[in-house]
Amino acid sequence: MESQRQNVGILAMDIYFPPTCVQQEALEAFDGASKGKYTIGLGQDCMAFCTELEDVISMSLTVVTSLLQKYGVDPKQIGRLEVGSETVIDKSKSIKTWLMHIFEEYGNSDIEGVDSTNACYGGTAALFNCVNWVESSSWDGRYGLVVCTDSAVYAEGPARPTGGAAAIAMLIGPNAPLAFESKLRGTHMSHVYDFYKPNLASEYPVVDGKLSQTCYLMALDSCYKRFCAKYEKLEGKQFSILDADYVAFHSPYNKLVQKSFARLLFNDFLRDASSVEENAKEKFAPFASLSSDESYQNRDLEKVSQQLAKQLYDIKIQPSTLLPKQVGNMYTASIYAAFASIIYNKHKSLDGQRILMFSYGSGLASSLFSLKLHMGEHPFSLSNIADVLNISEKLESRHVFSPEKFVENMVLMEHRYGAKGFVTSKDRSLLSNGTFYLTEVDSMYRRFYAKKSGSEDAGETDVSCENGKLNAH
Ligand code: ACO
């Protein structure tokens, strides 16, 4: 088995996001925010959201079914399935058990793994678990599957435009086109109250927005230092941001990504990386003696760093911003949506390149890690992954809601959260074929889902998941 276990990583990916969204420009006007606050200030274009028909379970069912079908993977070949999510639908029953619907139908109930939760970091914990499993002595030769699924919603107020929703599935195994550099991981974990969900009756978090921004940057600094130290020990040479071809950040909103990349450049200056240009050294020099705490609050440093980083940002970061700017914060799926955007935009030129990844979950848990890319072989090739992701078409086929309709939907979802004994709307016209949707929550809080089949109007061929069976009716 040892010889088969080279280049463990991501073999295949797919993404699903709801077909319903609201434009940030319209939302900022509706909210009475100053013009440009959401679009330029936060750097966001559009925000996806779930209607009453969709949730983290339905999105996961949709994306996993789609991945297995599009890459021709036999469900019996999955030996581990891990889900990362912070959207709590049930305090005991994992989302993973819901996904067993798909596999039990094929006689496969021999699948390890459950859900991982810590804000936006759960997907990375799930991914590390799967990669570690394939690299371990308990690996049985089958694939791992990771699902990141979240509906990011906030109460009315400044955080609301930083929502979003999506599910991403990633197939894990050896000889992957997206291979982990497993020895290169820098992690920083700490106890803070920057964003948390103590009110179990509400889907909304309690959030200290300003603190969360600082915590994010502190975690980035710490992870980057550790990552560089590991690289330098292993490779015997200095690491700088120039050694990464692209960087995918957890993207709550684009402005924080702009600041974060600029911060990496400042880190290279502080570490005296030989790659930092003379001009940058001169401009950073006045800030060299700031304490870390002072440096997070210093607006001049922020401005200078962003100016110095602008050219590299356009090359190394911009290709990752497509989905995060269009879909919004997808919590656990956010960093992998940034990663998917790079593959979608650049797949023809990624052979041999390195992508650095920064995963952040409030509370807090964070890691910086890297992947090396290879063209791969069909169906597990970069070009096929880009085809399956099909991002432009998925974005273009969305339905834009007015802010009024969006808010109406949010109010309905507030009532539905934790509720029982209701059926959902019969109008599924906005969903595309193959999408799973919620039909009912019964008096015992049991949830029922169906799959839109294409003969919706006939109302006869939906597939429903009830009591562990996929039924046609
Ligand atoms: N035109 C252009 N830019 C503007 C305008 C305008 N009309 N108005 C404001 N801005 C800029 C501000 O200057 C600021 O940019 P800066 O940071 O470069 O100065 C930006 O827009 C945001 O404005 P703020 O006044 O700082 O925004 P506010 O405090 O109202 O809310 C926040 C922003 C804190 C991010 C809020 O949306 C939030 O709490 N979101 C959730 C928390 C979050 O996402 N944290 C990130 C890490 S944790 C996680 O992933 C959940």
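In what follows, residues are counted from 1 in the order of the sequence shown. Indexing begins at 1, ligand by ligand and atom by atom, following the structure's order.
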Atom indices of ligand 1, in the order listed, that fall short of 4.0 Å to a heavy atom of Val207
42 (C)
Classify the ring geometry between Phe284 and Phe269 as parallel (under 30°), tilted (30 to 60°) or perpendicular (over 60°).
tilted
Side chain, backbone, both or neither: Ala159 near ligand 1, heavy atoms under 4.0 Å:
both
Atom CD1 of Ile15 and atom CG of Leu67: how far apart are they, to the nearest 0.5 Å?
12.0 Å
Where's the contact between Lys35 and ligand 1, heavy-atom distance under 4.0 Å: side chain, backbone, both or neither?
backbone
Among the heavy atoms of Glu28, does any lie under 4.0 Å from an atom of ligand 1?
no
Looking only at non-hydrogen atoms, the one of Lys210, Gln306, Arg160, Lys303 nearest atom 24 (P) of ligand 1 is Lys210
Note: heavy atom closest to atom 22 (C) of ligand 1, options Leu42, Leu217, Thr39, belongs to Leu42
Out of Tyr121, Phe195, Tyr38, Tyr253, who gets a non-hydrogen atom closest to atom 35 (C) of ligand 1?
Tyr253
Close N or O approach (Glu302, ligand 1; < 3.5 Å)
no
Can you tell which of Leu256, Asp208, Asn329, Thr162 gets a heavy atom nearest to atom 41 (C) of ligand 1?
Thr162
Looking only at the side chains, is there a donor atom on one of Ser370 and Glu181 sitting less than 3.5 Å from an acceptor on the other?
yes
Lys420: salt bridge (Lys or Arg N to Asp or Glu O under 4.0 Å) partners, not counting sequence neighbours
none
Nearest non-hydrogen contact with atom 51 (C) of ligand 1 belongs to which option: Tyr360, Tyr154, Tyr216?
Tyr154
